[in-house]
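Shown next, in structure tokens, is the structure this report addresses.
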Amino acid sequence: MAVKKVKNVLPNRLCVPGRRQLKRTFWLLDINYELRGDKPELWMWSIDATGKRVLIIDKNYQDYFYIVLKENANPETVIKQIQKTEFPYITKMEPTEKKYFGKSVKAIKVCCQNPEIMPKYAKALQTIEGIQECLEDDLRYSMRYLIDNSVVPCGWHEIDIEAQESEQKVKTQVDAVYEAKTAPKYIPDQKQPKLRILGFSMICYSTKGTAKPDEDPVVVISIATNNGEQKQLVAEDNNDKNIIISLVKFIKKFDPDLIVGFGTNSHDWRYLTTRAEKHGINLYVDRTNTTPHTSVYGHVSLTGRVNIDWYDYADELPEVKLKTLENIADYLDAIKLEKRTLIDEADIPAYWENKQKRSILVKYSEENTASIMGISDAMLDFAVQLSSLVGLPLDYVGTAAVGFRTEWYLTREAYKIDELIPKRQERPYIPYTGGTVIAPKPGMHEDVAVLDFKAMYPNIMITYNISPDTYVPPGDQEPKSGVYTAPEVNHRFRKEPPGFYKTVLTHLIQVRDEIRLRLKKLKPKSAEYRALDARQKAVKVITNAAYGYTGWIGARWYIKPVAEAAAAWGRDTIQNTIKLAEKLDLQVIYSDTDSVFVKNEPSKIEKLSQEIEKTLGLEIKPDKIYTRILFTEAKKRYCGLLPNGELDIVGLEVVRGDWAAVAKNLQERVLEILLKEKSPQKATDYVREYIMDVKTGKVPYREFVIWKTLTKAPEEYAVKSPHVEAARLLKKEGLDLTLGDKMGYVIVKGEGKLYAKAKPYVLASEKDLDTEYYITNQVVPAAARILTMFGIKEEELYSTKKPKTNLTEFFAESRE
DNA sequence: GCAGCCCTATTACCT
DNA sequence: ACAGGTAATAGGGCTGCG
């Protein structure tokens, strides 16, 4: 796609040459806009090159949207028609050429003084003769500003400014307020200013059940800063008025750029707001003396500061199954502790009420904040890079779902090539066929190589120019340049010019390769390395999400054949690879979507890889080698032994969050014995002993807990199930569960269906456990899943006596 | 009334 | 609220059974 850009005429900027103009370089922290009467002002909260906190106000940028004209319409006639009607906020209309899904369209750019009136105007205009539709009236003013001026959150810019006598309330919060005299100009520089970071966590107290902000006080607030300051605020006489005042004071005094927490977007800020209102305190923790408010994608906004809730980044760590603060901190090695203080929510009242134990609660709270600071240390680089890459402000790039992050990146790219931004629209969900999975050859295999296509879907989209703007619908004439036709589904895509996705993906892949090359020359601990490494991770996230995005019905650029074609070419690619491998007499053991597991024969593999590269133009290479690998009959589940002696467990119970640890631990040990020692007999013995341990109470209570997510409100479930019933019991105790929370339950002795025997683990204890259930439904199935591959029957595992090798004897054994 | 079968709901995983 | 493909368990309805 030809990149043609009309260079900065800046028709939307009302440029007034000023006196006392200065040049400043600034790093953009947060952005918001204010309406002064009907005129928008864009506020950029920033840090300048000298480390001063400055607010730069741009009053000179006007919002606009586009009218797309019908093919035969005359722009001037349409403009005249509009002028006849009363649209007082329209300041300018100009005919222009744009592209829409790759096709040139006639359009009118409509400038509006008041950004918030635009959707209304756009709707009203639709009825006018010659107008096809209106677009881009649904972009927020602040995003419009960022996109049009190439302003990048968490990036450096240069700008001409003029000192401004600001209102007192603003002046107290920053070192200086300026008025923008030119558009900011982006300066690529990965260096970051030294940010002031404040982390906090809190503990609420209720005599029974979940604390309710209307009734129950906050009793401990723990604060820490990246300057090493720490403070524990402890309520006196269960009255939280003073500690909330102290929190506000502390924040004002430290004046953080970032406020970080865990669960703050969904809980803490709302709770504090309600408590503050109750006490008549102003919760002024931002830089403009307003209170926290919920905004875009559900993030809590603190004007002038960046509020980050690290829980929003938990999705980036799929290895952590139960996303508690402790687990995430431990996973990231965020905090060094001899022994962590752990207190269940249900036990908090007991700790608070007991003066001796109260100090433990305060320590727990202090450790929580320390964990938050540690997570910050590990994750902030990534958040900053994601923000600057996709162009969403740092305070809500984390709350934006993957689809929206991808879309904002695309939106910025579309602007650069004059593509109009399609509207979001409701569509029916129609699934399509995805990747191919072939059944594994069950059993143990020695020396197996896993070959992976490098970024298969992105590269397929590049190779076949698959894109919303290159799609040739059925019935449309084939373009001169010719088309690529997808296998099976027969969707066509023009070969030329390069499509939107091809351009974007090529760029992303190239950028990542460049970064990785630079990383090789840097010291891994250096700030530059960390920032760049975070950058390449952010690039990878967006690259990998692109294919999924194309098949998402919520996507602005959704065109089903695009996703469907990419998937079809994927299937074709892997099928060809398997065929070729077989032709080379390279035994294929398993394949899933973009990978093939083959016998490790390097010369044949090399040949395969070269042949694929030559015929398909895609890169496939060994990703890892397993010394030994075990498959059951199931797809997507296996265990491999790596050369370094580690086990790579995929899909099996061990890696699932919804099996009790008592079963997972056993299965892991069984796999270890089998893969390392190749002894089914030893594994069987181990299982039998283990079962005895379970029966005799040698396994800790916590290992019996089963965790399952509550995906909807308890009433909405069609069938009764253990975790939902357990959640009901919790609720009876006043302990609420929010949608998406994990319910931890155990199965206790009793009658009837399983759901009747499920109890929240906090409400039961060791002696209640139905060990029979755990043995027959957790421990044995998990072990048998593996051991049946070696001819060992499930029933054999129940035997308490020495194993018998002979089946007749085994059947004589009694099963208890 | 219930064992056995089959289908559905549900969850979490893999690429 | 990025996609589809898959395994697995428990619930629940239905059938057949003198």
Side-chain angles (χ1 to χ4, degrees), chain A residues 297-298 315 318-319 321-322 399-410 424 426-427 429-440 450-458 461 541-558 560 562-568 570-571 574 590-597 623 632-638 648-660 663-664 706-712 716-725 740 742-743 747 752-758 773 776-778 781-782 784-785:
Chain A
Y297 304 128
D315 283 351
E319 300 91 332
K321 305 293 170 196
L322 190 59
T399 57
V402 179
F404 294 111
R405 293 175 191 170
T406 310
E407 189 154 275
W408 279 114
Y409 180 79
L410 292 173
R424 213 175 283 294
E426 283 213 25
R427 303 182 174 94
Y429 169 70
I430 306 161
Y432 63 90
T433 313
T436 307
V437 191
I438 67 159
V450 182
L451 314 184
D452 263 333
F453 276 98
K454 184 194 163 199
M456 186 178 79
Y457 286 128
M461 291 165 77
V541 165
I542 299 302
T543 312
N544 289 345
Y547 157 71
Y549 174 84
T550 67
W552 173 40
I553 55 168
R556 287 177 187 266
W557 277 281
Y558 174 84
K560 196 182 151 206
V562 169
E564 206 169 24
R571 292 192 298 275
I574 206 73
Y590 175 61
S591 167
D592 184 350
T593 311
D594 63 349
S595 67
V596 273
F597 292 52
D623 173 53
T632 66
E633 270 157 15
K635 297 168 175 175
K636 297 187 187 281
R637 317 185 114 215
Y638 55 85
D648 203 6
I649 303 171
V650 179
L652 294 164
E653 282 73 7
V654 178
V655 297
R656 291 185 62 98
D658 57 350
W659 279 72
K664 305 206 291 177
I706 299 164
W707 295 91
K708 274 202 170 81
T709 309
L710 224 64
T711 58
K712 43 190 154 187
E716 288 173 48
Y717 280 86
V719 288
K720 293 193 168 193
S721 63
H723 74 296
V724 179
E725 291 313 295
K742 285 247 200 279
M743 174 69 228
I747 300 300
K753 296 276 192 196
L754 202 56
Y755 62 72
K757 311 203 298 170
Y773 163 80
T776 43
N777 294 51
Q778 292 268 326
R785 186 109 47 229

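Naming convention: chains lettered A, B, ... in sequence-line order (proteins, then strands); numbering from 1 in each chain.
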*Euclidean distance, A:Leu652 CG relative to A:Arg785 CZ, rounded to 0.5 Å*: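 Spacing of CZ (A:Arg785) from CG (A:Leu652) equals 8.0 Å.
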
Nucleotide nearest [X] when distance is taken to its side chain, options [options]:
X        : options               : result
A:Pro781 : C:dT6, C:dC2, C:dT9   : C:dT9
A:Arg785 : C:dT9, C:dG4, C:dA10  : C:dT9
A:Lys636 : B:dC14, C:dG11, C:dA8 : B:dC14
A:Pro722 : C:dG11, C:dT9, C:dA7  : C:dG11
A:Lys321 : C:dA8, B:dC13, B:dC14 : B:dC13
A:Trp552 : C:dA10, C:dC2, C:dA8  : C:dC2
A:Lys720 : C:dT9, B:dC13, C:dG12 : C:dG12

*A:Ile747 and A:Tyr773: which non-hydrogen atoms are nearest, and at how many Å?*
CG1-CE2, 3.3 Å

*Indicate the atoms forming the closest heavy-atom contact of A:Arg556 with A:Glu407, along with that distance.*
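Here A:Arg556 and A:Glu407 meet closest at N-OE1, 2.8 Å.
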
Would you classify [X] as touching base, sugar-phosphate or nothing, given that sugar-phosphate means primed atoms plus P, OP1 and OP2, and contacts are heavy atoms under 4.0 Å?
X        : value
A:Gly435 : sugar-phosphate
A:Trp659 : sugar-phosphate
A:Arg424 : nothing
A:Ala545 : base
A:Tyr457 : nothing

*Please confirm whether A:Lys712 makes a cation-pi placement over A:Tyr717, using NZ or CZ under 6.0 Å from the six-membered ring centre and within 45° of the ring normal.*
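Pair A:Lys712/A:Tyr717 counts as cation-pi.
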
*Going 5' to 3' along nucleotides 3-11 of chain B, which nucleotides have protein heavy atoms under 4.0 Å from the base (write B), which only from the sugar-phosphate (write S), and which from neither (write -)?*
------SSB

*Under 4.0 Å between a side-chain N or O of A:Tyr638 and OP1 or OP2 of C:dA7?*
no

